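Predicted model, so just to flag it, every value in this text is computed and none were measured.
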Amino acid sequence: MSGTTSQTALYRKYRPQLFTETIGQDHIITALEGAIEQKRVAHAYIFAGTRGTGKTTFARIFARALKISDNDVYEIDAASNRGIDDIREIRDGVNVHPFESPYKMYIVDEVHMLTKEAWNALLKTLEEPPAHVIFVLATTELEKIPDTIISRCQVFAFKKPSRELLKNLVIGVAKKEGYSLESGAAELIALLGDGSFRDTLGTLQKVIGSAEGKKIAIAEAERITGAPRGSLITQFIQGIIETDTEKSLAALTTAGEAGVSMKTFATLSIEKFRIMLLLKIAPKAAARFKDHVSEDDWGDLEKLVAGASGATASAAGVATGGSKLSSTTLLELLKAYDMTGRTHIDQLPLELAVIKLAGEGVAR
């Protein structure tokens, strides 16, 4: 195991320190840099977005760009400091001038966790804040913030990074750590990161921390992350297309017994089925997804598409003649994905999708 990797979390080691080092949030950078340049910095901001998209990182960079020293930046976790007394401390503290900076900044993370009384106390501070104070309220649930608070803040929505952006990040960080990743392995890590920079780098750390060598293939990444083998996903899809319920259910059972996350299984199944559908109706469009899977998997998918019997795909991807290689099947898999994790039997939504697609389980 790499000494650097074991001692320092990758998401901390590679956390951006300047706006120029960030990726995927250009619209926010433009707005904040413009406000600084025009000397029109607001007294309160809301940074809203899903977990791991860089909200608190941007707040720290914003403070640095405003030349606020660490001694004048106060970070509060509202998940554990959510009461009125905690906000009263802030209200008292804002009246004290900064130690060595033009401003004091209060970064309140998970701000949606505040109690009703705490919101009321914070509102009074936001209504008439001292000129030397800036608030940055970070949240993953903007809808839980009172309108009275939102109306007194500038709101910035953080975008979820694309899979391609995360994949490039994974490849770049792995290279800096002395590792090279097969394209499919980087794609898998990006997928498992689920739109979070932090989670993606955490998954990468797990992979390179357990890898046997410096070159990591997709099979090794699957083994380390607990993701299902590509062949198992292909078996699941093949059973659906061939209306072989036993084959698909056997793949699900094998995955379940191996402790595979059904959410991950569903995600990878949808990914592969999408590629197959594109291979059927738009081969040129499908070609750009070739590096999302291993060479063996790609060959298997091409064979499955070529062997899809009795089907003529329309431009919309809806097949006739009974073929399951259709947009209708993909919609069923998407529904199963949405339901996964909502029942005490993780694989049940996927099992029901298989049964429905096979025309079984119809009430008589």
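Put simply, the side chain of Asp109 never gets that close to the backbone of Asp77: no donor and acceptor are under 3.5 Å apart. Although no hydrogens or angles enter the test, the distance criterion places a donor-acceptor pair under 3.5 Å between the side chain of Gln205 and the main chain of Leu10. Within the 3.5 Å criterion, the main-chain N or O of Thr50 finds a donor-acceptor partner in the side chain of Thr53. Of the possible polar contacts, none joining the Thr329 side chain to the Leu325 backbone as a donor-acceptor pair under 3.5 Å is found. Looking at Ser101, its side chain does come within 3.5 Å of a backbone N or O of Ser69 through a donor-acceptor pair. Between the side chain of Lys272 and the backbone N or O of Gly230, at least one donor-acceptor pair lies under 3.5 Å. Using modelled atom types, no side-chain atom of Arg12 and backbone atom of Thr8 make a donor-acceptor pair closer than 3.5 Å. The closest donor-acceptor contact from the side chain of Asp86 to the backbone of Gly83 lies under 3.5 Å. Remark: side-chain polar atoms of His27 are not paired, donor with acceptor, to backbone N or O of Phe156 under 3.5 angstrom. Side-chain N or O atoms of Glu21 include one that pairs as donor or acceptor with a backbone N or O of Gln17 at under 3.5 Å.
Between Gln25 and Phe58, some side-chain heavy-atom pair lies under the 4.5 Å cut-off. Using a 4.5 Å heavy-atom cutoff, the side chains of Thr253 and Gln347 are in contact. Side-chain contact between Pro228 and Leu268 is present, with heavy atoms from C-beta onward closer than 4.5 Å. You'll find the side chain of Ile216 stays beyond 4.5 Å of the side chain of Ser180, heavy atoms only. Thr125 is listed as a side-chain neighbour of Phe135, based on a closest heavy-atom distance under 4.5 Å. Contact annotation: the side chain of Ile189 approaches that of Leu181 to within less than 4.5 Å [non-hydrogen atoms, C-beta and beyond]. Annotation: side chain of Glu100 is in contact with side chain of Asn71 (closest heavy-atom distance under 4.5 Å). In this structure, Leu252 and Glu351 have side chains that are in contact, with non-hydrogen atoms separated by less than 4.5 Å.
Residue Glu302 holds its CD atom at 11.5 Å from CG of Asp297, rounded to the nearest 0.5 Å. Note that CD1 of Ile84 and CZ of Arg88 are 3.5 Å apart. Values are rounded to the nearest 0.5 Å. Rounded to the nearest 0.5 Å, atoms CD1 (Ile240) and CE (Met276) are 9.5 Å apart. Between the CG atom in Leu301 and the CZ atom in Phe273 there is a gap of 11.0 Å [rounded to 0.5 Å]. To the nearest 0.5 Å, atoms CG (Leu350) and OG (Ser269) are separated by 6.5 Å. Here the CZ atom belonging to Arg64 is positioned 11.5 Å from the CG atom belonging to Leu66, to the nearest 0.5 angstrom.
Surrounding NZ of Lys247 are more than 12 heavy atoms belonging to other residues, nucleotides or ligands, all under 6.0 Å away. Other residues, nucleotides and ligands place no more than 12 heavy atoms under 6.0 Å from the CG atom of Asp70. Atom NE2 of His97 has 12 or fewer neighbouring heavy atoms from other residues, nucleotides or ligands inside a 6.0 Å radius. Residue-environment remark: CD (Glu37) stays at or below the threshold of 12 foreign heavy atoms within 6.0 Å. For Glu128, the CD atom is loosely surrounded, since the number of other residues' heavy atoms within 6.0 Å does not exceed 12.
Ser162 and Lys167 are not linked by any side-chain donor-acceptor pair at a separation below 3.5 angstrom, with hydrogens and angles left out of the test.
Side-chain heavy atoms closer than 4.5 Å link hydrophobic residues (I, L, V, M, F, W, Y) into clusters, and following such links, possibly through other members, connects Phe289 to Leu333. In the hydrophobic cluster analysis, where Ile, Leu, Val, Met, Phe, Trp and Tyr join through side-chain heavy atoms closer than 4.5 angstrom, Ile237 is grouped together with Leu331. Ile171 and Val173 fall into different hydrophobic clusters, defined by Ile, Leu, Val, Met, Phe, Trp and Tyr side-chain heavy atoms under 4.5 Å apart, directly or through other members. No path of Ile, Leu, Val, Met, Phe, Trp and Tyr side chains, each step under 4.5 Å between heavy atoms, connects Tyr106 with Val73, placing them in separate hydrophobic clusters. Linking Ile, Leu, Val, Met, Phe, Trp and Tyr whenever their side-chain heavy atoms come within less than 4.5 Å puts Ile28 and Val136 in one cluster.
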Next on the checklist: Set out, in order, the CA-CA distance, both residues' side-chain angles and the distance that settles side-chain contact (heavy atoms from CB on, under 4.5 Å) for Val354 and Phe236, then state yes or no.
Outcome noted: CA-CA 9 Å; Val354 169; Phe236 173 73; 3.4 Å; yes

Next on the checklist: Please evaluate residues Leu348 and Thr340 with respect to the criterion side-chain contact (heavy atoms from CB on, under 4.5 Å), reporting the C-alpha separation (whole Å), side-chain torsions for both, the decisive distance (0.1 Å), and the verdict.
Outcome noted: CA-CA 8 Å; Leu348 182 58; Thr340 301; over 6 Å; no

Next on the checklist: Could you walk me through whether Lys324 and Glu242 satisfy the salt bridge (charged side-chain N to carboxylate O under 4.0 Å, His left out) test, starting with their C-alpha distance in whole Å, then the side-chain angles of each, then the deciding distance to 0.1 Å, before giving a yes or no?
Outcome noted: CA-CA 8 Å; Lys324 295 298 186 294; Glu242 297 174 353; over 6 Å; no

Item to check | CA sep, side-chain torsions, deciding dist, call: Glu177, Tyr14, side-chain contact (heavy atoms from CB on, under 4.5 Å) | outcome: CA-CA 11 Å; Glu177 293 293 307; Tyr14 293 99; 2.6 Å; yes

Checklist entry - Would Gln238 and Asp244 satisfy side chain to side chain donor-acceptor pair (under 3.5 Å), going step by step from the backbone distance to the final call? => result CA-CA 8 Å; Gln238 184 176 10; Asp244 186 341; over 6 Å; no

Next on the checklist: If you apply the rule salt bridge (charged side-chain N to carboxylate O under 4.0 Å, His left out), what do you find for Glu220 with Lys215, and how did you get there?
Outcome noted: CA-CA 10 Å; Glu220 187 170 21; Lys215 295 184 178 180; over 6 Å; no

Checklist entry - When you look at Arg229 and Glu222, which way does the salt bridge (charged side-chain N to carboxylate O under 4.0 Å, His left out) test go after all the steps? => result CA-CA 6 Å; Arg229 301 189 311 275; Glu222 288 171 346; over 6 Å; no

Next on the checklist: Could you go through Thr225 and Thr264, starting from their C-alpha distance and side-chain angles, then the distance that decides it, and tell me whether this counts as side-chain contact (heavy atoms from CB on, under 4.5 Å)?
Outcome noted: CA-CA 10 Å; Thr225 60; Thr264 300; over 6 Å; no

Checklist entry - Can you check salt bridge (charged side-chain N to carboxylate O under 4.0 Å, His left out) on Lys124 and Glu127, steps first, answer last? => result CA-CA 5 Å; Lys124 292 179 180 179; Glu127 284 175 337; over 6 Å; no

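Between Gly52 and Ser196, the shortest heavy-atom contact is CA-OG, 3.3 Å. Nearest heavy-atom pair across Cys153 and Leu126 is SG-CD1, 4.3 Å.
Aromatic ring pairs are classed by plane angle as parallel below 30°, tilted from 30° to 60° and perpendicular above 60°; the pair Phe19 and Phe62 is tilted.
Just one residue in the list Phe47, Phe197, Tyr45 forms a ring-ring contact (aromatic ring centres under 6.0 Å, His included) with Phe158, and that residue is Phe47. Screening His112, Glu110, Lys55 against Thr139 for a side chain to side chain donor-acceptor pair (under 3.5 Å) leaves a single residue, His112.
For the pair Lys263 and Tyr337, the cation sits on the ring face: its NZ or CZ lies under 6.0 Å from the ring centre, inside 45° of the axis.
For Glu182, there are no side chain to side chain donor-acceptor pair (under 3.5 Å) partners two or more places apart in sequence or in a different chain.
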Would you list the atom pairs, donor with acceptor, under 3.5 Å between side chains in residues 116-123 and any protein atom, with sequence neighbours excluded?
residue : atom : partner : partner atom : Å
Trp119  : NE1  : Leu114  : O            : 3.4
Asn120  : ND2  : Lys116  : O            : 3.4

